Amino acid sequence: MDRIKQAYDDMSKVDKRIAKFLLNNDIDIVNYSVAELSNETKTSSSSIVRFCQKLGYKGFLDLKYQVERNLVSYVGHDQRIESTDDIAT
């Protein structure tokens, strides 16, 4: 999401619409398809892919992968399983 924030001021109106949605729904985007995201942002699927490429990603799947990776890294950093934890629940 840092890439989006850094590039935001120089984005087109369409890209800003996509960026706002992604920034407000960062956790949820891993569950979206390109078609769903384009529907939510009222943009085309190709606009979504171009947006991702402008940010240096190969496409939407690459952006989703990086977001998911950052989320796993963040959660993994703060939450550790201790030997006394009941992991059955």
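Residue indices begin at 1 and follow the sequence shown. From a predicted model like this one, the values you see are computed outputs, not experimental measurements.
In this structure a side-chain-to-backbone donor-acceptor pair under 3.5 Å is missing from Asp15 to Met11.
The two atoms that bring Phe60 and Val34 nearest to each other are CD2-CG2, 3.3 Å, heavy atoms only. For Lys16 against Asp9, the heavy-atom pair with the smallest separation is NZ-O, 4.0 Å. When every heavy atom of Ile29 is checked against every heavy atom of Met1, the shortest pair comes out as CD1-CE, 3.9 Å.
Considering OG1 of Thr43 and CD1 of Ile18, their distance stands at 4.0 Å, rounded to 0.5 Å. Note that NZ of Lys54 and OG of Ser12 are 4.5 Å apart. Values are rounded to the nearest 0.5 Å. Between atom CD of residue Gln66 and atom CG of residue Asp2 there is a gap of 12.0 Å, rounded to the nearest 0.5 Å. Rounding to the nearest 0.5 Å gives a distance of 8.0 Å between SG of Cys52 and CD1 of Ile4.
Legend: residues meeting side chain to side chain contact (heavy atoms under 4.5 Å, CB included) with Ala35, ordered by chain and number and at least two apart, are Ser33. Remark: Val49 pairs with Gln53 by the side chain to side chain contact (heavy atoms under 4.5 Å, CB included) rule, at least two apart or across chains. Every side chain to side chain donor-acceptor pair (under 3.5 Å) that Ser44 has, sequence neighbours left out, goes to Ser46, Ser47. With sequence neighbours excluded, no residue forms a side chain to side chain donor-acceptor pair (under 3.5 Å) with Ser38.
Among pairs with a residue in residues 17-44, none fulfils salt bridge (charged side-chain N to carboxylate O under 4.0 Å, His left out), at least two apart in sequence or across chains. Within the structure, the ring pair (Phe, Tyr, Trp, His ring centres under 6.0 Å) test picks out the following pairs touching residues 21-56 (sequence neighbours left out): Phe21-Tyr32.
Linking Ile, Leu, Val, Met, Phe, Trp and Tyr whenever their side-chain heavy atoms come within less than 4.5 Å puts Val67 and Leu23 in one cluster. Linking ILVMFWY residues whenever their side-chain heavy atoms come closer than 4.5 Å, directly or via other members, places Tyr57 and Ile27 in the same cluster.
Open room surrounds OH on Tyr65; 12 or fewer heavy atoms of other groups in view lie less than 6.0 Å from it.
The shortest side-chain heavy-atom distance between Leu37 and Leu22 falls under the 4.5 Å cut-off.
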